[in-house]
Structure formats: C-alpha cells, structure tokens
Amino acid sequence: MASQPSLLTREVPRHIAVIMDGNGRWAKKRKLPRVAGHRKGSDAVRRCIEACADEGVAHLTLYAFSSENWTRPKDEVADLMHLLRVYLRKEVSELHRRNIRVRFIGSRDRLSQETLQLMENAEALTQGNCGLNVHIALNYGAHSEIALAARTLAQAAVDGKIQAHEISEEMLGQALLTHDVPDPDMIIRTSGEKRLSNFMLWQAAYAELVFLDVLWPDFDADALKAALEEYFARNRRFGGR
C-alpha cells in the first residue's frame, strides 16, 4: 500500500485569500446579463465570509476589483461599483454583529466620494472587532503595490532615514499595503482558471494555490471544505526538504 503524504498540520489556514472568478460565465450559461452574475456573486461573498468565520480562519482577503478592471465596459464597472455600495449598506451591520472586522486594501484613487464614505464607515464601525478579519482588495494590483513600496523606501533613502544597502526583504514587506497582515497560507481561485492575475504576488511566495472548477456565484461552505481538504493534503516545506 502506498504511504500517505506526511502532513505538516491539519490546522486551518490562518489567512485565506480568494480570487472570485466566474461571475460572467455563470450569467452567460444562463443567458443572463453579466450584472446578474455579479449580483449572485455578492451572495457567495456572504457565504464565504460565514464559512471562514465558522472554520476559525483569522484573515480572509477577497479580490473584489483589480486595478485592471477599469478597462471593462463602463456600464459593467458602474454596475460593480453600485453592487459594492449596496453590499456595504446592507451587510456591514451584520458583519459588525458577528464581530467581523472589515478593511480595504488598494488605491482609493478613482473611487467616488460615496463609495469612499461607505468604505470608511465600514472600517470605523468594525475597527474594534476581534473575530474574522475581512480584507477587501479594491482597485488593487500587486505590481502597483510593490512599486509603491519601492518608491516609499527610495524616498526614505533620499531623506537619509535609511541607507540603500540596508533595504531588505523584511523592509519591503513592511512597506506593502498588507504590512500588518500575515501572508496567505492558501489562495483559492474559482472558475477553473489557473493564474494569480496580479494578486498578492509578493505575499503568495509560499501560499498553497488551490484552483476550483466551481464558478464564484456557486461558492459555498462545501466548496471551502473541498479547498481545505486539498490544503491539508499538501506537505508545506517552505523551501526545506
């Protein structure tokens, strides 16, 4: 009988990040407009947050809108931003009741004042919560994040606060938007696509990548459990033997 892989741990990942993909294909399969897929995707966000909280996950990062998504048709971008505002108005009080903290990462440029106000309200309301930390990556791109960190360190060197030769991996990591968040242990991408799409490229160095065929609007607690079982079957060596 073949030996079973040696497992480092069956502990639930401390940080799960999710690339929520497949809303458009979900709608297309049903001959519906793309916005219908995005609306159903909002329901999946709720299920994912609840499932992660129930599993005892400490951090969940959701890739909600990339910096490249601005190139989509204007009507679709407007629909996405409208759905975000609807979600924040409807769901934040319930997240707060469940002791969940909400934070946003990404550039706040190009976002409307109404959207920014709802984001700030959500962060302020949930700031003291100590349950699941939900990080919403909005207008986010990993290349831009790393470039911003590099500029921050370069300016610090110009200002004489640090020496260029002192710049280390740790310092660059501390200059990232996620400087106070542990790197993801697992990154899930739905819809069967197998790429990171400019998402948490620095932080993903040792993340376990799990690609699910399920389209995002169909994601639920069972899909999370399937991803966790795949994660538990990995032998995480972090570059060791």
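Not measured: the values here are computed from a predicted model.
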Report the C-alpha distance between I162 and M171 in whole Å, list the side-chain angles of each, state the deciding distance to 0.1 Å, and finish with yes or no for side-chain contact (heavy atoms from CB on, under 4.5 Å).
CA-CA 10 Å; I162 60 173; M171 291 174 68; 3.7 Å; yes
Exam field: side chain R30 to backbone W26, donor-acceptor pair closer than 3.5 Å:
yes
Take L209 and R189 through the side-chain contact (heavy atoms from CB on, under 4.5 Å) test and state the conclusion after the steps.
CA-CA 8 Å; L209 308 181; R189 181 169 186 150; over 6 Å; no
Is the closest side-chain heavy-atom distance between E229 and R10 below 4.5 Å?
yes
Tell me if the CG atom of D75 is crowded by more than 12 foreign heavy atoms within 6.0 Å.
no
R25, CZ: over 12 other non-hydrogen atoms inside 6.0 angstrom:
yes
Apply side-chain contact (heavy atoms from CB on, under 4.5 Å) to L132 and V57, showing your working.
CA-CA 7 Å; L132 173 65; V57 175; 4.2 Å; yes
Assess whether a salt bridge exists between R97 and E91, defined as any Lys/Arg side-chain N lying under 4.0 Å from an Asp/Glu carboxylate O.
no
Please determine whether residues M81 and V45 belong to a single hydrophobic cluster, defined as Ile, Leu, Val, Met, Phe, Trp and Tyr linked transitively by side-chain heavy-atom distances below 4.5 Å.
yes
Side-chain donor/acceptor of N133 to backbone N/O of R101, under 3.5 Å:
no
Does CD in E169 sit with more than 12 non-hydrogen atoms of other residues, nucleotides or ligands closer than 6.0 Å?
no
Using the ring of each side chain (for Trp, its six-membered ring), is H59 parallel, tilted or perpendicular to H135, with breaks at 30° and 60°?
parallel
To the nearest 0.5 Å, atom CG of N99 lies from atom CG of N129 at 4.5 Å
Roughly how far, to the nearest 0.5 Å, is CG of L153 from NZ of K161?
11.5 Å
Could you tell me whether a side-chain N or O of D159 sits under 3.5 Å from a main-chain N or O of A156, the two making a donor and an acceptor?
no
Do F199 and T61 come within less than 4.5 Å of each other through their side chains, counting heavy atoms only?
yes
Nearest 0.5 Å, please: how far is CG in D213 from OG1 in T190?
10.0 Å
For H15, is there any backbone N or O sitting under 3.5 Å from a side-chain donor or acceptor partner on D185?
yes
Separation of M119 CE from S112 OG (nearest 0.5 Å)
9.5 Å
For the backbone of Q163 and the side chain of E166, can you confirm whether one donor and one acceptor N or O come within less than 3.5 Å of each other?
yes
With no hydrogens and no angle check, is any side-chain donor or acceptor of Y140 less than 3.5 Å from a backbone partner on E145?
no
Pairing of K194 and D21 as salt bridge, 4.0 angstrom limit
no
Check step by step if side-chain contact (heavy atoms from CB on, under 4.5 Å) holds for T115 and L88.
CA-CA 9 Å; T115 300; L88 292 175; 5.5 Å; no
Check step by step if salt bridge (Lys or Arg N to Asp or Glu O under 4.0 Å) holds for E230 and R234.
CA-CA 7 Å; E230 186 168 339; R234 307 275 181 92; 2.7 Å; yes
Grouping I, L, V, M, F, W and Y whenever their side-chain heavy atoms are under 4.5 Å apart, do L62 and V86 come out in a common cluster?
no
Side-chain donor/acceptor of R47 to backbone N/O of P217, under 3.5 Å
yes
Is it possible for you to say whether L177 and I146 belong to one hydrophobic cluster, with membership spreading through side-chain heavy-atom contacts below 4.5 Å?
no
Testing the 3.5 Å rule here: is there a donor-acceptor pair between the side chains of D183 and W202?
no
Working to the nearest 0.5 Å, report the span between CZ of R89 and CG of L84.
9.5 Å
Salt bridge check, D222 against K225: does any charged N sit closer than 4.0 Å to a carboxylate O?
no
Less than 4.5 Å apart, any side-chain heavy atom of I187 and any of I19?
yes
If I take atom CG from residue L176 and atom CD from residue Q174, how far apart are they, to the nearest 0.5 angstrom?
8.5 Å
Cluster link W216 to L83, ILVMFWY, side chain under 4.5 Å:
no
Hydrophobic clusters here meaning ILVMFWY residues chained together by side-chain heavy-atom distances under 4.5 Å, can you tell me if L80 and V35 are in one?
no
